[in-house]
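Atoms considered below: every heavy atom in the structure, side chains included; atoms not considered: hydrogens, waters and symmetry mates. Within every chain, numbering begins at 1; the chains are lettered A, B, ... in the order of the sequence lines, protein sequences first and strands thereafter.
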There are 2 protein chains.
Amino acid sequence: MAEIRIAWPDPEGQEIVERLFAADAALRAHFEQVTAAVGLTVPQAHTLIQLQEPQRMGTMAGHLHCEPSHVTAIADSLEAGGLLRREPDPDDRRAKRLVLTEAGQELRGRLLKLLFEGAPIISTLDAEQRAGLLAMLRMAQSGDGHRALRRFPAARGDDSCPPVPS
Amino acid sequence: MAEIRIAWPDPEGQEIVERLFAADAALRAHFEQVTAAVGLTVPQAHTLIQLQEPQRMGTMAGHLHCEPSHVTAIADSLEAGGLLRREPDPDDRRAKRLVLTEAGQELRGRLLKLLFEGAPIISTLDAEQRAGLLAMLRMAQSGDGHRALRRFPAARGDDSCPPVPS
DNA sequence: ACAACATAGTTCAGTCGCTGAAACAAATCG
DNA sequence: CGATTTGTTTCAGCGACTGAACTATGTTGT
């Protein structure tokens with residue numbers, strides 16, 4: 001994510017946005033680094049992490065905020081790498097559940113360990129600061145958790161204007 | 001960004017990471033919404049926002065954390081849309097400066113206004129909460145600002161392992 | 001002054017993550 | 001039982017982005 005450095009009507013709001021973006025960029029970079037270090041791409045790693053317990057592919061698509069067809073592709077690669085297998089869902093013969101193999105569980109554990117060690121933001125705060133940050137984030141997010149994660153909400157009609165060539 | 005929901009060694013750290021990712025997802029969704037509403041793609045909008053003052057293209061690549069060749073493409077589209085023009089840099093005849101046109105300035109203003117209105121996290125906090133959140137983020141980020149924004153740092157050698165098929 | 005090298009931007013081929021439509025199988029509903 | 005929905009797969013294609021090759025201009029060392 002690019003830096004946001006602009007003339008803002010509200011300097012404090014501006015700094016919060018900047019720092020939230022920066023915090024995210026740091027988390028993302030850490031995630032990418034760890035992920036690459038164990039030989040996974042970012043979406044592969046996300047999928048692996050979700051698989052503490054077997055998941056149906058559609059459910060996984062929900063967790064990853066992507067289309068089911070994309071889950072098919074990710075699962076293909078992880079299955080080819082021997083990290084998970086597809087097994088039929090006992091309750092619905094159309095559905096398949098993704099299940100970690102031994103190797104998958106082992107790698108998932110290693111991934112989580114690396115992910116937590118040296119995670120930015122968290123590792124630079126002491127216990128009290130972390131508690132404070134957490135309280136703030138809880139307040140800021142109370143009530144809009146699911147709304148916050150929806151992607152590509154429809155544009156507001158009255159603000160629309162013709163697109164620029166891409 | 002996908003949800004992070006895992007068995008973590010540290011529940012508090014886990015929640016902080018989750019909430020930071022969620023905060024980012026919300027900011028990103030808001031940015032995408034506003035951006036689409038004015039007819040821009042996300043990278044186009046980032047570029048426009050950076051252009052409060054004329055910028056050399058290489059500098060812009062730095063701000064956007066991408067390769068210079070990508071700035072060329074973005075600038076092409078914005079120039080075709082009449083939002084900016086390339087002018088020669090007075091100090092270096094190899095370089096070009098990106099300068100907003102009248103239309104570009106107008107749209108940039110509209111973008112900033114929409115971006116700030118209804119921005120998640122910020123708009124749900126009162127003044128005191130915002131100050132508190134800001135203080136926490138400042139603490140968390142003191143000293144690692146530039147490190148945090150580096151992309152794709154080299155993988156640590158001793159943690160590496162063979163990649164999974166992509 | 002001039003060769004050698006560094007730097008700014010462009011062009012182009014190609015990768016990656018992801019979407020959307022079509023197709024098939026299995027479940028559910030009238 | 002037929003009609004419709006749902007879970008997954010396949011495939012074509014898009015947008016963001018990289019990396020290498022190229023041109024043109026600046027810089028440096030002898």
Side-chain angles (χ1 to χ4, degrees), chain A residues 1-2 28-29 31-32 35-36 39-47 54-80 84-99 150-154 163-166, chain B residues 1-2 25 28-29 31-32 35-36 39-47 54-81 84-99 150-154 163-166:
Chain A
M1 177 55 68
R28 228 166 256 270
F31 196 94
E32 279 169 3
T35 266
L40 295 174
T41 67
V42 168
Q44 284 173 342
H46 269 129
T47 303
Q55 295 266 333
R56 286 167 53 150
M57 301 184 69
T59 312
M60 181 63 74
H63 284 138
L64 299 177
H65 306 301
C66 69
E67 299 298 314
S69 61
H70 192 209
V71 174
T72 296
I74 300 172
D76 284 349
S77 68
L78 289 173
E79 194 168 32
L84 62 77
R85 58 179 183 279
R86 282 173 237 237
E87 67 179 31
D89 185 288
D91 300 339
D92 187 337
R93 290 197 339 242
R94 293 170 302 179
K96 292 165 191 169
R97 289 165 54 183
L98 304 180
V99 188
R150 195 171 46 194
R151 304 181 70 184
F152 302 104
V164 157
S166 305
Chain B
M1 174 58 62
R28 227 166 256 270
F31 195 94
E32 280 170 2
T35 267
L40 294 174
T41 68
V42 168
Q44 283 173 341
H46 269 129
T47 303
Q55 296 265 333
R56 286 168 51 151
M57 300 184 69
T59 311
M60 181 63 73
H63 283 138
L64 299 176
H65 306 300
C66 69
E67 300 298 314
S69 61
H70 192 209
V71 174
T72 297
I74 299 172
D76 284 349
S77 67
L78 289 173
E79 194 168 32
L84 62 78
R85 57 178 184 279
R86 282 171 236 236
E87 67 178 31
D89 185 289
D91 301 339
D92 186 338
R93 291 203 331 248
R94 294 169 301 179
K96 293 165 191 170
R97 289 165 56 185
L98 303 179
V99 188
R150 195 172 47 195
R151 304 182 70 185
F152 302 105
V164 158
S166 308

S.K.: Return the minimal non-hydrogen interatomic distance between A:T72 and A:M57, and the atom names on each side.
M.R.: CA-CE, 3.7 Å
S.K.: Atom CD of B:E79 and atom C1' of C:dT10: how far apart are they, to the nearest Å?
M.R.: 13 Å
S.K.: What is the distance from CD1 of B:I74 to P of C:dT11, rounded to the nearest Å?
M.R.: 15 Å
S.K.: To the nearest Å, give me how far apart NZ (B:K96) and C1' (D:dT23) are.
M.R.: 10 Å
S.K.: Could you give the CG-to-C1' distance, from A:L40 to C:dG17, as a whole number of Å?
M.R.: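 Those two atoms, CG and C1', are 15 Å apart.
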S.K.: Can you measure B:D76 atom CG to C:dT11 atom P for me and round it to whole angstrom units?
M.R.: 7 Å
S.K.: What pair of heavy atoms forms the shortest contact from A:I74 to A:Q44, and how long is it?
M.R.: CG2-CA, 4.1 Å
S.K.: Spell out protein contact along nucleotides 20-30 of chain C as letters: B when the base is contacted, S when just the sugar-phosphate is, - when no protein heavy atom is under 4.0 Å; keep the 5' to 3' order.
M.R.: B----BBS---
S.K.: Hey, which of these two, B:P43 or A:G58, hits DNA chain D nearer its 5' end, going by closest nucleotide?
M.R.: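 Residue closer to the 5' terminus by nearest nucleotide: A:G58.
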S.K.: Specify the separation, in whole Å, of atom CZ of B:R56 and atom P of D:dT25.
M.R.: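 Value for this atom pair: 15 Å.
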S.K.: Closest approach of B:R85 and B:E79, non-hydrogen atoms and distance?
M.R.: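 Looking at all heavy atoms of both residues, the closest pair is CA-OE2, 3.6 Å.
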S.K.: Could you tell me if the side chain of A:R56 sits less than 4.5 Å from the side chain of A:D92, heavy atoms only?
M.R.: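 Yes; the side chains approach each other to less than 4.5 Å.
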S.K.: Rounded to whole Å, please give me the gap between CG in A:L84 and P in D:dT8.
M.R.: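 Whole-Å distance recorded here is 13 Å.
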S.K.: Can A:K96 and A:D89 be said to form a side-chain contact (heavy atoms from CB on, under 4.5 Å), step by step?
M.R.: CA-CA 5 Å; A:K96 292 165 191 169; A:D89 185 288; over 6 Å; no
S.K.: Under 4.0 Å, heavy atoms only, any strand: does A:R86 hit a base, just the sugar-phosphate, or nothing?
M.R.: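 Sugar-phosphate: the residue A:R86, judged by heavy atoms under 4.0 Å, touches backbone atoms but no base.
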S.K.: Looking at A:A75 and A:L98, what are the two nearest heavy atoms and their distance?
M.R.: CB-CD2, 4.0 Å
S.K.: Nearest whole Å is fine: how far is C:dT10 P from B:M57 CE?
M.R.: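 Between P of C:dT10 and CE of B:M57: 4 Å.
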S.K.: Looking at B:T41, I'd like to know whether one of its side-chain N or O atoms comes within less than 4.0 Å of OP1 or OP2 on D:dA16.
M.R.: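 It does, given that an N or O in the side chain of B:T41 lies less than 4.0 Å from OP1 or OP2 of D:dA16.
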S.K.: Grab the two heavy atoms, one from B:V71 and one from B:C66, that are nearest each other, plus how far apart they are.
M.R.: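 Taking B:V71 first and B:C66 second, the nearest heavy atoms are CG2-SG, 3.9 Å.
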